[in-house]
Every structure is written in C-alpha cells, then in structure tokens.
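What's counted below: heavy atoms across the whole structure, side chains too, no hydrogens, waters or symmetry copies.
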Amino acid sequence: MLEKQKEITLTGQAMVDGQVAVRLTAKVSTDPAQNYINQSVQDLALYNKNRTQVRKDMNEFQDYVFEHEDRVAAEIAEKIEATTSGTEAVGK
C-alpha cells in the first residue's frame, strides 16, 4: 500500500524600507511532528530599530502557517472519515 505525505514550504520576509529584517520559513506536513517555523534575523540593527513592526510581521506569518496547518489537518480528517466510512475521498 502506498503511503503518501504532503509537505508545504512557506516563506516570508519582514521588510523595513525595502530591506529584509527577518527571513521566515515554515514547513507544514501531514506528519505534524515534522512541522516547523524558522525565523532568521538578517539585519540586527534594522530589527532592533523596528522591533514592533517586525514582530507584527512575524505574528502575521505565524497566523499564515496556522491557516495551512488547519487546512492540512482538515484534509487528514476527511481522509480518515472516508476510510472509516468505507469510501475513499475523491482526489486525495
């Protein structure tokens, strides 16, 4: 039996005046143990000077990741429901 796993990579950048303050990367997977969010400060002085705005961007990115986690979790729940009810979900 084929076992499939879905992984989605998400990226973002917290920008200030056209410069990257923080790079953001996340992975969302059908195996939740493999999910992660990474935040890498690219310009410490820019980050420190604009900490409030950059943190708002970081929180917005985290919400974006959570939306994708919820979608993947819903797909998993649909597949489990289809499997337990005896009908495979179409297109999955």
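- More than 12 heavy atoms of other shown residues, nucleotides or ligands fall within 6.0 angstrom of atom CD in E67.
- Through side-chain heavy atoms spaced under 4.5 Å, either directly or across other Ile, Leu, Val, Met, Phe, Trp or Tyr residues, V20 is tied to M15.
- For the pair R51 and V54, the minimum side-chain heavy-atom distance is 4.5 Å or more.
- Aromatic ring pairs are classed by plane angle as parallel below 30°, tilted from 30° to 60° and perpendicular above 60°; the pair Y64 and F61 is tilted.
- One N or O on the side chain of D43 and one on the backbone of L46 form a donor-acceptor pair closer than 3.5 Å.
- By the 6.0 Å contact criterion, CG on D17 is open, its count of non-hydrogen atoms from other residues, nucleotides or ligands being 12 or less.
- Judged as a side-chain hydrogen bond (donor to acceptor under 3.5 Å, both in side chains), and not counting sequence neighbours, the contacts of E69 are N35.
- No side-chain heavy atom of Q13 sits under 4.5 Å from any side-chain heavy atom of L24.
- Rounding to the nearest 0.5 angstrom, the gap separating the CE atom in M58 from the OH atom in Y47 is 5.0 Å.
- Across all non-hydrogen atoms, the minimal contact from A21 to V16 is CB-CG2, 4.4 Å.
- Going from atom CD of Q53 over to atom NZ of K56 covers 5.5 Å, rounded to the nearest 0.5 Å.
- Contacts of K6 classified as side-chain hydrogen bond (donor to acceptor under 3.5 Å, both in side chains), with partners at least two apart in sequence or in another chain: E75.
- The structure places CG of L10 at 6.5 Å from CD1 of I8, a figure rounded to the nearest 0.5 Å.
- A donor atom on one side chain and an acceptor atom on the other are found under 3.5 Å apart for Q42 and S40.
- Atom CD1 in I37 sits 13.0 Å away from atom NZ in K27 (nearest 0.5 Å).
- When hydrophobic residues (I, L, V, M, F, W, Y) are linked wherever their side-chain heavy atoms come within less than 4.5 Å, L2 remains an isolated member.
- E3 is linked by a side-chain contact (heavy atoms from CB on, under 4.5 Å) to nothing, counting only residues two or more places apart in sequence or in another chain.
- Taking hydrophobic clusters as Ile, Leu, Val, Met, Phe, Trp and Tyr residues chained together by side-chain heavy-atom distances below 4.5 Å, I76 does not share a cluster with Y36.
- Annotation: side-chain hydrogen bond (donor to acceptor under 3.5 Å, both in side chains) contacts of T52 (sequence neighbours excluded): none.
- Interatomic distance, CG of N50 versus CG of D57, reported as 10.0 Å (0.5 Å rounding).
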